[in-house]
Structures are given as C-alpha cells and as structure tokens.
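Step one of this worksheet: look at the structure below.
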There are 2 protein chains.
Amino acid sequence: MKDTDAHVTGADVPAAGAQGPLYRQIKDAMLSALAMGEWKQGDALPPEKVLASRFGVAIGTLRKAIDDMVADGILTRQQGRGTFVAAHKRNSHFFRYFRLQRKDGQKAYPTNALLTFRRVRASAAARDALQLGPDEMVFEFSNLLSLHGDVVLVDSVVVPDALFRGLTEAQLKARPSTLYNFYQDAFEVNVIATEERLSVAHADLQHAVWLDVAPGFAVLEVHRIAYSYHQRPVEWRISRINTTHYEYIGPHTGE
Amino acid sequence: MKDTDAHVTGADVPAAGAQGPLYRQIKDAMLSALAMGEWKQGDALPPEKVLASRFGVAIGTLRKAIDDMVADGILTRQQGRGTFVAAHKRNSHFFRYFRLQRKDGQKAYPTNALLTFRRVRASAAARDALQLGPDEMVFEFSNLLSLHGDVVLVDSVVVPDALFRGLTEAQLKARPSTLYNFYQDAFEVNVIATEERLSVAHADLQHAVWLDVAPGFAVLEVHRIAYSYHQRPVEWRISRINTTHYEYIGPHTGE
DNA sequence: AAGTGGTCTAGACCACTAC
DNA sequence: TAGTGGTCTAGACCACTTA
C-alpha cells in the first residue's frame, strides 16, 4: 500500500483538519505530548518502531520528525540507547545558551551568586516580552556570574508567576545545576529556544558595584527572551557583561 | 539487492579509502566539485536522479547529502525548478551575515562607502586568522556602512592576495551588490560560514571621526572570520558598531 | 543475544514550475 | 505535458549499548 493517506487508521494523529506534511504533524503531536508532560526531561522516548506505529506512519517519516526536533535541541539521540528529552545539564549543550568565553578561547562553567529576589506586578516591558495580561505577577531576580574567579556578568531575570508558582529565594540559592535545568526539574518549564539582541550600555551605580567597575563603565548588554514548546515565552532576561577579558561567541553560520 | 556496498559501481565516489557514512562522502564530493568550480553561484545543479546515478547511490541518500548542504546555506532548493548554488544576493539570506537592525526591530539594507584600501604584507594577527604563511600579502580595506541614513558601522577587512589577485580600489567602489556577492562574481570565492566574537571596545581617533562620535566612545566590536568550502578561511574582518540606535541580533537557537 | 538508533535502498505519488 | 524537488513507504543491514 503506497497510499499517502495511510495514516487514517493512525491512533494519535488528528485525522480531521490535517494540514501540511505528515512529518510536521507528527512533530507537532510530539511537541504537544512533551508540553503535556507525557515525557519529562531526561526520559527515554519509546523506540522509533513503537512511535511509528502509534502515529500510523512509516519509520522514515517518524524519523524525519525526530530529526527536526534533534536539530532544534529538543531531543537527543544516542545510538544503541534510545532517544531522550534534552536536559539542560552541564554538558556540551550548555554552551548553546551560555555564550561567553575568555578571550584566549578558554571555556568554563560559571559560578553563581543570587543578588536580589522579589515578586512584583509585571512592568509594561515585562508584559510585552512575556506576553502577559495586565496585573499579572512575575518573579524578578538577579544573579552574579563568575568565570575563573573573575566577576563577569550580572543577569536580571523575569519569569511569570503563573509558570513558577511558589518559587522561593531559598530554592534559587540551593539549586544544584544550571538555571534552565532547575526550571525543568522544579517547574517542568523547558527552555528550547532563545532570541537575543546585543548592544553596548553603561553600568549604573548598582551594576558598577556588582561588577566591580566604575559607574558608567561600558558593558555588553544582552536582551534575551527564552521560549518553551510552541514558542511560548517563559523567561525574559537582561545580562550585563564586562568584556574586558571575556567575549561573546556569535552565531556560527554554516557547517 | 539491498547490499550496502552497492556503490562499488559508482562513477564518482572514491571507492578506495571510503570513510564514514555514504551521504557524508557524497557531500564531500559535491563540496569538492563546488570548490573546483564545476558549478558556480546561481547555477542549477543536475536533477537529483542524475546526481544519484552519477554517484551510484539511491536518491534518498543523495537527498540526505543535499539536505545537509541546504541546511549549511550552501545550496538552495526550489520545488519544481531545481537545486541551485546559493548566491549572496540581497534576499532574506542576506541577514544571515548582516545581523544589525534598528532597535525598533526595523531591518534595512546598508549603504556603503569605501574609506581605505591598500595591499600590504600580512600582520601576525592576519596570518593567524587567515592561516597564511610568512611574507604573504593581503588586501586591507575599510568600509563605512549606513542604515536609514545613519552612520552605524565601520568594517576593517583583510583578505589574502592569493585568493583576490588583482583586486582594485575601483572594483570595490563600483561593486553593485553585497561584498560577499562580489567575492563570488569577481573571484569565485564563496563564503559559506562565519565565526564571530563580540566585545565592547572604545573608538580611537580615526574611528571616532568616521562614526561621528567622540573619541573613546564605546562601540560593539565584532571579530569575524569567514570560511569557504572545507573550512578554508577567506576573510578576516573587524566591525565597530555604534549601537545607540541599532542592535546586533544574536543566534536564535531552536525552531 | 536482544534492542536501540544509523544508514541505505528502490521505488511511489504529490505539488509546483516551465513550456 | 514533462520535469523538478517534496513527501512517504516498507523494508534491509549495520553499529552500538546493555545485560
């Protein structure tokens, strides 16, 4: 049977209103399964053959959907072991979201110190970045990051209360791993994509103290919005970086 | 015949010393064909069926090789028309290498003015960036870029004499399209990948004049190395950007 | 040895383009 | 209408991991 509409007998694909390529629909269905928590970070997905029959498609089609999600950094594959939901561990993937290195090319994992923490009504800018309604609450906190013992960066983070219900200062101080890994573990919030905009700014009095520089010192300012499944914004962050000894690694297009 | 080694009768694949997946070998063979100038920028490649039989592989395998190169931005596909060697035209692809936009999100194509031009012995830094031997010559030139009528950026470009034999100031001033498109048209140098490192710097006297800012003004400094096929470095560039009204668009990981 | 993903085949039909 | 890339199938065998 070479019929393209073979999936009408599929168990999981929305047969009605199907649009676009099959593998795209499969990907969306898997994204929804992930968003609903069917598979959590670090979990192994069912084998490809099982998924293929569940969605009523050939294994090649199922693989194309997974290929996409692997390219997006949502899943990881390990030959002989299985396919897993990507976790924000301190592995090579870490540098997908942490793009600073020493100017001699040396990479390192940062150490953290929580500077501030509060729960407030979202500012207009925060509502805009996080697509929130009026009067919605957010958590705001800031972090000091050091590399090789040098203070390098201050993060100012805003996350919606609705997704991080009950977040406490103690939790943030005690988190064992990366921030995004903490979001996954404690709140099932999975960051799978970010947008960043960079410009030069000057340290205010507070940042000058934190970064141990003179007020007005020129810093690299990175505005980031982080997204979860289906482009849902889950974090807004402004990083202010002292680039005296460290540099930001831009996109490398191509191979 | 389901035999994996079916390609022994292939006409173009190096049968001896074959390594790694077949589609990878096909990709390398096509990369070499591109580097040797068999297909030039804008050209249509032969149909997939023809290429598949030329390399002695199934069409699916050939497609996987092309998929990779399309993802790398080396080729573009147009359904119903063919597969083409990517050109650096002023299309959406342009913003793959030009990552500035106004802070309100407005994108625009820059206008250019050539500031300096000379041919000199490569500095140590240039030899390092471009993997040149001692005493090799390079062209150095700088460009002033404006967006929406605002002076925004000064590029300092270094390219090896060996690849750009006979480059003249007049050619650079007269070039009708983008710099990378000019490299393709006039010298068959194809930029297919870049690496960038960003940090904050301060304008020297010369750059302050060019950018119409005070000396010492804090600018965003972007160090870029551009590569052609097989990771061959072909251009080294330092851009100094006034980010008062414009911002650099960072990588957006994920979908 | 059994199970997983990785690669590859040899087709089919579909959507789009150019003539 | 002919030719292109886009999608999909239904398998096969390989490489690797785990037990």
Side-chain angles (χ1 to χ4, degrees), chain A residues 1-10 12-13 15 18-30 39 42-71 74-86, chain B residues 1-10 12-13 15 18-30 39 42-71 74-86:
Chain A
M1 112 148 96
K2 292 291 165 55
D3 175 4
T4 299
D5 289 312
H7 64 281
V8 289
T9 56
D12 233 324
V13 175
Q19 303 176 38
L22 235 195
Y23 72 86
R24 247 292 176 194
Q25 300 172 38
I26 305 301
K27 180 180 173 182
D28 277 352
M30 293 181 68
W39 306 305
D43 283 4
L45 265 57
E48 296 181 339
K49 281 178 184 171
V50 173
L51 284 171
S53 77
R54 162 169 161 183
F55 291 115
V57 297
I59 215 171
T61 306
L62 186 274
R63 277 184 63 81
K64 191 156 184 181
I66 293 185
D67 283 346
D68 262 31
M69 298 170 77
V70 169
I74 300 170
L75 302 176
T76 61
R77 285 200 274 217
Q78 289 177 255
Q79 191 174 11
R81 301 222 311 132
T83 304
F84 302 84
V85 182
Chain B
M1 103 144 107
K2 293 290 166 54
D3 177 2
T4 299
D5 289 311
H7 66 281
V8 289
T9 56
D12 231 327
V13 175
Q19 305 175 37
L22 235 195
Y23 73 86
R24 247 292 176 194
Q25 299 173 38
I26 305 302
K27 180 179 173 182
D28 277 352
M30 293 182 69
W39 306 304
D43 283 4
L45 266 56
E48 296 180 338
K49 281 177 185 171
V50 174
L51 284 172
S53 77
R54 161 169 164 183
F55 291 116
V57 298
I59 212 170
T61 305
L62 186 274
R63 277 184 63 80
K64 191 156 184 179
I66 295 185
D67 283 346
D68 262 31
M69 298 170 77
V70 170
I74 300 169
L75 303 176
T76 61
R77 286 199 274 218
Q78 289 177 254
Q79 190 173 11
R81 299 222 313 131
T83 304
F84 302 83
V85 183

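In the text below, chain A, chain B and the rest are named by the order of the sequence lines, each starting its count at 1. All heavy atoms count here, side chains included; hydrogens, waters and symmetry mates do not.
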TODO: With DNA chain D as reference, determine whether B:Val50 or A:Gly60 sits nearer its 5' end, using the nearest nucleotide of each.
DONE: B:Val50
- [ ] Tell me which of A:Thr61 and B:Gly80 sits closer to the 5' end of DNA chain D, going by the nucleotide each one is nearest to.
- [x] B:Gly80
Task: Position toward the 5' end of DNA chain C (nearest nucleotide), A:Thr83 or B:Arg81 - done: A:Thr83
Among [options], the nucleotide that comes nearest once only the side chain of [X] is considered:
X	options	value
A:Gln79	D:dT4, C:dC8, C:dG5	C:dG5
A:Arg63	C:dT9, C:dG5, D:dT9	C:dG5
A:Lys64	D:dT9, C:dT7, D:dT7	D:dT7
B:Arg77	C:dC8, C:dG6, D:dG5	D:dG5
B:Glu48	D:dG6, D:dA10, C:dT7	D:dG6
A:Pro21	D:dC8, D:dT9, C:dC8	D:dC8

What is the distance from [atom1] of [X] to [atom2] of [N], rounded to the nearest Å?
X	N	atom1	atom2	value
A:Phe55	D:dT9	CZ	P	13 Å
B:Gln25	C:dT7	CD	C1'	12 Å
B:Ile59	C:dT9	CD1	C1'	12 Å
B:Gln78	C:dA15	CD	C1'	14 Å
A:Asp67	C:dT7	CG	P	9 Å
B:Phe84	D:dG5	CZ	P	8 Å
B:Ile66	D:dT4	CD1	P	13 Å
B:Arg24	C:dT7	CZ	P	11 Å

- [ ] Please assess A:Arg24 against A:Asp28 for the test salt bridge (Lys or Arg N to Asp or Glu O under 4.0 Å), listing each intermediate value before the final yes or no.
- [x] CA-CA 6 Å; A:Arg24 247 292 176 194; A:Asp28 277 352; 3.8 Å; yes
TODO: Classify the nucleic acid contact of A:Lys49 as base, sugar-phosphate or nothing, counting any heavy atom under 4.0 Å across all strands shown.
DONE: nothing
Nearest non-hydrogen partners of [X] and [Y], listed with the distance:
X	Y	answer
B:Val85	B:Leu45	CG2-CD1, 3.7 Å
B:Thr83	B:Ile66	CG2-CG2, 4.2 Å
A:Ala65	A:Tyr23	CB-O, 3.4 Å

TODO: Show your working on salt bridge (Lys or Arg N to Asp or Glu O under 4.0 Å) between B:Arg54 and B:Glu48 and close with a plain yes or no.
DONE: CA-CA 10 Å; B:Arg54 161 169 164 183; B:Glu48 296 180 338; over 6 Å; no
Open item on the list: Between B:Tyr23 and C:dT7, is there a contact of a side-chain N or O with OP1 or OP2 at under 4.0 Å?
Closed with: yes
